[in-house]
Structure formats: C-alpha cells, structure tokens
2 protein chains.
Amino acid sequence: MDVQRLELLRELAERRSITEVARATHRTPSAVSQQLKVLEREAGLPLTERSGRGLILTDAGRALARSATDVAVALARANAVWDEFRHHATGEVSLVTFPTAGEMLLPGALQQIAAVPGLIVNCTDKDPELSDFPALTADFDIVLAYSLRGQLPWGGRGLTVVPLMTEPLDVGLPADHRLASRAWIGPADVVGETWIGAPDGYPFERILHQIEQQGGGRALVAQRFADMRLIEAFVMAGLGIALVPRYTWGGDQPGRLTLKPLRGVDAERQIVALMRPDRAERLAVRTVVDVLRAEAARVQAEHTSTAPPSSP
Amino acid sequence: MDVQRLELLRELAERRSITEVARATHRTPSAVSQQLKVLEREAGLPLTERSGRGLILTDAGRALARSATDVAVALARANAVWDEFRHHATGEVSLVTFPTAGEMLLPGALQQIAAVPGLIVNCTDKDPELSDFPALTADFDIVLAYSLRGQLPWGGRGLTVVPLMTEPLDVGLPADHRLASRAWIGPADVVGETWIGAPDGYPFERILHQIEQQGGGRALVAQRFADMRLIEAFVMAGLGIALVPRYTWGGDQPGRLTLKPLRGVDAERQIVALMRPDRAERLAVRTVVDVLRAEAARVQAEHTSTAPPSSP
DNA sequence: CACATCCATGTAGCTAAGCTTCACACTTAT
DNA sequence: ATAAGTGTGAAGCTTAGCTACATGGATGTG
C-alpha cells in the first residue's frame with residue numbers, strides 16, 4: 001500500500017510497458033519490476049499478465065490503478081495547499097499545443113505568466129494528426145487539444161477537461177473570389193469549389209463531409225496540408241478555398257484573404273486543456289490554466305466585438 | 001510530500017504532543033521529530049511552534065494536516081478496493097462502546113461477525129462520562145457514541161458519523177407504582193417524584209431539566225448512578241423512578257419494573273458509530289458497521305412490533 | 001531556590017528498503 | 001538464424017529512517 005508503488009502501477013496502466021515506465025520515472029526497468037512484484041505480493045493476487053513480450057494488467061490491476069489516481073489527486077491537492085500558503089505557484093509546468101492554438105493563446109499567456117516569479121512554463125508543439133491527445137497527458141502537464149462538437153473523445157478516460165473556448169470555423173476565400181462580397185456562405189455555395197483540405201485523419205475532414213451532404217455534391221480536395229500558414233498561402237494564390245479557424249487567422253494580408261461564416265453546418269471546434277487529474281490539482285498548473293482561460297476569453301471578445309468576419 | 005510524514009503531522013494535530021504520536025505509531029520521539037523537521041523543510045515554512053514545553057501547530061500546519069486526511073482516505077479506499085477483489089474483509093477492527101449499547105448490540109453483532117473468517121473485532125467499553133467520544137477515534141476504529149437530539153457534538157471535526165438507531169428514553173417505574181397502569185406519562189405526572197439520576201455531565205440530565213421545565217416543579221434526584229443495572233435495581237426496590245433507554249432494558253424482571261413512554265418531552269437518544277474518515281473506508285470496518293446497523297434495526301423492529309412498553 | 005520531571009530535539013550509528021549493474025529467458029521481427 | 005525487443009532475477013551499494021543516548025528549556029515541587 002505504498003504510494004510510490006501505486007504510482008508505478010498507475011504509470012504502467014497508462015504506458016503499457018515497464019520499460020516506458022522506467023524511462024518516465026528515471027529508473028531501471030529492473031527496479032520497476034521489483035517494486036511491482038512487491039505490490040503484487042502485498043495484494044495477494046496477480047496484477048499483471050504476460051502477453052507476448054510485454055505484459056498487460058489484470059482486472060484487479062486496473063482497479064488498483066484507478067484508485068491510485070485518487071491517491072495521487074489527494075496528494076497533489078495537499079501539495080497545492082501549502083503552495084497556497086506560500087502565495088506562489090512555483091515549479092515547472094510542461095505544455096503541448098497544436099500550432100494554431102499556440103499561436104493564438106501562448107504569446108499573450110506567457111507574457112502574463114512571466115510576471116509570476118518562480119513559475120516556469122515549458123511549451124512544445126505537436127501536430128494533432130500524429131498525436132493522440134489523451135496519451136500526451138502522460139508526458140505533459142497541460143495538453144491543449146480540440147474536438148468538434150458532438151465528438152468527445154476524452155470522456156471515459158478519467159482526464160480533467162477544462163474548456164477554453166469554442167472557435168468557429170469559417171471559409172477562407174481569396175479577395176477576388178466570386179463569393180467575397182457575401183455576408184455568409186451555405187453548403188450549396190461551396191460544394192463545387194476546389195478545396196485546400198487537411199490530411200486524412202484530421203477532424204476538419206468531417207466538416208467537409210457535412211458540407212458535401214448538406215450541399216449535395218462532392219468537394220474537390222486539391223491539396224492536403226496540416227500547416228495553416230501554408231493553407232492560407234494557397235488560398236491567397238487562388239488555388240482553392242479552405243476551412244480556417246476564425247480567431248486563429250492572423251489577418252496578416254488584408255484584402256487578399258477574407259473569412260466568411262458558414263451557415264447550415266455545425267462548424268465549430270472546441271479548444272480545451274486536457275490534464276491528468278492529479279496534475280490538474282497542482283497550483284502551478286491551475287495558475288497556467290487560469291491564465292489560458294482568461295487569454296482565450298480576451299481573444300474571443302476582441303474578435304466578436306471589433307471584427308466580425310463578414311465586415312472586416 | 002511523503003505520505004508517512006503527512007500521516008505523522010495528522011497524528012500530531014490530533015494528539016497534540018510528539019511523545020504521544022511516537023507512542024501511537026510505535027516510534028521514538030526523536031524519529032517523529034526528525035520526520036516533522038524534514039516535512040517542515042520541504043514545506044518551506046514553519047508547521048509547529050513551541051509553546052511551553054510542548055508545541056502547537058501553526059495555521060499552515062493545521063491546513064496541511066487537514067489535507068493529509070484526504071490522502072489517508074484515498075489510500076484507505078485503495079486498500080478497500082483490493083480487499084473487495086479478494087472478497088474477504090480481513091484484519092483487526094477495534095471498537096469502544098458505552099455499556100448499554102454494548103449490551104444491546106454487540107453480542108448479536110459479534111455472532112454474525114464470527115462467520116466471517118479472518119475478521120477479528122476487539123471490543124472494549126468506556127464510561128461515557130469520562131470519555132470524550134471524538135477523541136477516542138484516535139485510538140479505536142469504531143466508537144459507539146450517543147447524543148440527544150438537537151445537540152450534535154461531532155459536527156465540525158471531520159469525523160464520519162453513521163447513525164445506527166434512535167432509542168426512546170422511557171420512564172422506569174416499579175410495578176406497584178401509582179402510575180404503573182397508565183399508558184403513557186407526561187412531565188407533570190413525574191415532576192414531583194424521587195428520581196434515580198445519572199452523574200453530572202451525563203446528557204440524560206438535560207432531559208430531566210426539560211421535564212422540570214415542562215412540568216413546572218423540581219425533580220428530586222436521590223441517587224446518581226452511571227450503571228444502568230444499578231439504576232434498575234434501585235427502581236425495582238421502590239427507591240425512585242428513572243429514565244431508562246427502551247431497547248437496552250433487558251426486561252429481566254417482568255412484573256417488578258415497567259417502562260412508560262414519555263410524552264411532551266423530546267426524550268430520545270441517537271446512537272451512532274463515530275470514525276476517523278480514513279478508517280471508515282476500510283472494508284473490514286465497513287463490514288462491522290454494516291452488521292451493527294443491521295443488528296440495530298433488528299433490535300428496534302423486535303421491540304416496536306412485539307413489545308410496546310405500555311403493554312409488556 | 002535547587003531539584004526532579006517532562007518535553008522536544010540534536011548526534012552517532014545501524015538496519016533495511018530500494019536502487020543499479022549485470023546476466024538470463026523469452027518473444028517477435030529481419 | 002540472428003538481432004532487438006520485452007520482463008525478471010541475483011549481487012552489491014547507497015541512503016532514508018530508525019534507535020540509543022545526550023542536551024537544553026519549561027514547569028512544577030521540596
């Protein structure tokens with residue numbers, strides 16, 4: 001019933017391999033194996049089973065790992081208590097983001113965080129196609145993730161989810177496009193267009209499918225890019241139109257690219273912070289998340305009041 | 001942030017002295033002092049303060065101790081999880097009771113518990129006058145306690161309270177008493193009587209005061225005893241009347257002592273199991289409490305159906 | 001006022017838990 | 001078949017945390 005051992009079991013439940021757990025906890029695989037063995041002996045029943053050259057957890061093992069999370073949460077909360085007593089959220093916080101959210105939120109957020117002494121935030125970006133968002137919570141304190149409405153991939157995993165904002169997805173058009181003077185756009189207007197899409201597996205594809213269904217036709221996807229800057233360049237060159245997140249759009253080249261809201265299709269993405277519940281309790285982590293929420297609200301307010309996309 | 005150390009701090013919060021904590025945890029005072037020192041250094045601010053030759057906790061220390069309880073609860077719950085997987089509540093459970101509840105509940109309960117292999121229950125009794133019920137939870141897993149309605153002494157301490165039963169307090173009369181044929185009794189009927197009371201400090205005294213207020217007079221308390229058997233003997237000898245818990249009464253001497261319900265006065269006591277929240281999570285403890293609840297319900301049902309005190 | 005007592009806390013040393021290193025068995029890919 | 005991945009075991013070392021003993025204040029008591 002030692003906490004360290006329970007923690008190891010929990011890591012094993014997430015990382016599926018003793019070698020990975022050892023790497024993550026800066027230990028030898030042998031040490032991890034020995035500790036899990038002790039835990040198993042204490043428990044009195046097998047917690048793991050060999051499967052191929054790896055191993056998997058038994059039902060008992062999974063159940064114990066689940067309650068190990070509660071222990072970790074309580075422990076992290078205790079830690080937060082004395083951080084609050086000292087009035088400073090200290091320590092390092094690691095964060096991954098997908099590119100567009102990072103561009104939109106992180107510069108402003110980190111400027112505010114710089115004012116907090118002793119709080120260090122390490123940011124990285126990862127391409128959302130390659131990455132399984134929930135899995136990243138094992139290695140990062142905060143994972144900025146997005147999902148389209150209706151699909152909620154991070155429900156049953158026991159992760160803490162903090163919504164930051166919901167961002168409309170508009171249609172990006174070159175300034176000289178035939179639809180550039182319209183206030184908004186419906187599926188039928190654009191179903192025949194040439195599109196600059198996202199690679200397979202990106203959730204944006206689902207919206208394109210919706211457009212096809214609602215509009216009654218097939219959208220021609222000429223190119224598939226992950227980088228939004230690249231997509232915008234293609235649109236401005238007149239090589240196609242694309243779905244563009246409204247707030248993320250820098251508005252860099254006024255006159256060469258305009259955004260039109262899409263009606264009749266549920267085109268929104270929800271941007272959230274994803275965390276392991278114990279890490280979410282850390283005062284340093286909570287502080288960063290609060291700043292992110294405020295920054296997201298600021299961005300959203302700025303766009304809705306000053307610059308509706310129909311009349312830039 | 002080690003759990004062992006947090007546990008020590010929590011013990012210190014309850015026992016107010018390092019020596020006592022050392023005794024309770026089977027350690028040397030020096031060892032306890034060293035560990036608390038480490039914890040203090042980790043926390044970065046003082047957790048204790050010297051006060052006379054002892055010491056007291058600072059605000060930070062108390063706050064940390066509180067959250068240490070949550071950690072202990074989570075840990076105990078994890079422990080219960082694998083106990084449930086093994087389908088047997090094992091281990092030792094210690095229990096204190098006040099005499100009357102012990103007589104009423106424990107024999108039946110322990111007979112049932114004997115059927116559970118590996119579950120050992122150690123019982124003791126303590127006189128309720130001498131004992132501060134909440135304080136006993138530091139040394140016993142389960143504390144059987146009682147309180148009169150309205151007064152709830154175990155509210156803010158963060159203890160787990162499981163109600164077992166509410167027991168009416170009747171008036172015990174000798175069989176040849178002038179009121180022995182009445183179906184029930186009001187305050188005015190008995191305010192002038194000679195009473196066999198409880199020692200000062202017992203909550204029963206409050207009910208006697210209520211009777212005096214409602215009845216308009218003064219009750220003459222001839223003797224004060226704590227032992228219920230003794231009180232009953234005095235009543236049967238015609239030396240006075242007394243408040244007798246209805247279900248506790250053995251009914252030993254039919255015809256020599258009768259119980260009459262008291263109307264117009266809120267004469268009930270609530271019998272509860274009092275536990276430290278982490279101990280309450282242990283499967284073995286929960287099992288014992290469940291048996292106690294069932295036994296209490298059985299006793300109550302038996303009395304209300306077969307033997308209303310007005311017609312024995 | 002000295003004395004005994006009770007408390008917390010330091011110092012020295014020992015024990016044992018938990019780590020690393022190395023070696024081995026086993027399973028899958030090339 | 002060889003190589004590279006997996007988890008596990010035995011031997012040894014490091015160190016966290018304990019005991020034993022000694023010390024310094026604070027509180028009663030002759």
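This structure is a prediction, so every number in the text was calculated from the model and none was measured.
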In whole Å, I'd like the distance from the CZ atom of A/Arg41 to the P atom of C/dG18. 11 Å
Base, sugar-phosphate alone, or nothing: which one does B/Thr19 contact when heavy atoms must sit under 4.0 Å apart? sugar-phosphate
Nearest-Å distance for atom pair CD/P, residues B/Gln4 and D/dC18: 7 Å
How close or far is atom C1' of C/dT9 from atom CD of B/Gln34, stated in whole angstroms? 8 Å
In this structure, how many angstroms lie between the C1' atom of C/dC6 and the CZ atom of B/Arg16, rounded? 19 Å
Heavy-atom closest pair, residues B/Asp139 and B/Arg15: OD1-NH1, 3.0 Å
Per the atom types in the model, does the base of D/dG7 pair as donor or acceptor with the side chain of A/Ser17 at under 3.5 Å? no
Nearest to the side chain of B/Asp2, heavy atoms from C-beta on, is which of D/dT8, D/dG17, C/dA8? D/dG17
Whole Å only: how far is the CZ atom of A/Arg27 from the C1' atom of C/dT20? 12 Å
Between D/dT19, D/dG7, C/dT20, which nucleotide has the shortest distance from any of its atoms to the side chain of B/Thr28? D/dT19
Using the side chain to side chain donor-acceptor pair (under 3.5 Å) criterion, which residues pair with B/Arg23? Sequence neighbours excluded. B/Glu20
Under 4.0 Å, heavy atoms only, any strand: does A/Arg5 hit a base, just the sugar-phosphate, or nothing? sugar-phosphate
Report the distance from atom CZ of B/Arg53 to atom P of C/dA4, rounded to the nearest whole Å. 16 Å
Interatomic distance, A/Arg23 CZ vs D/dT6 P [rounded to whole Å]: 7 Å
Determine the contact category for A/Thr48: base if any of its heavy atoms lies under 4.0 Å from a base atom, sugar-phosphate if only primed atoms, P, OP1 or OP2 are that close, otherwise nothing. nothing
Minimum-distance nucleotide to B/Ser33 side chain [options: C/dT9, C/dG10, D/dG7]: C/dT9
Review item, side-chain donor-acceptor pairs of residues 36-54 of chain B, under 3.5 Å, at least two apart:
from: B/Glu40; atom 1: OE2; to: B/Leu47; atom 2: N; distance (Å): 2.7
from: B/Glu40; atom 1: OE2; to: B/Thr48; atom 2: N; distance (Å): 3.4
from: B/Glu42; atom 1: OE1; to: B/Met1; atom 2: N; distance (Å): 2.7

Taking CE from B/Met1 and P from D/dA16, how many angstroms apart are they, rounded to a whole number? 13 Å
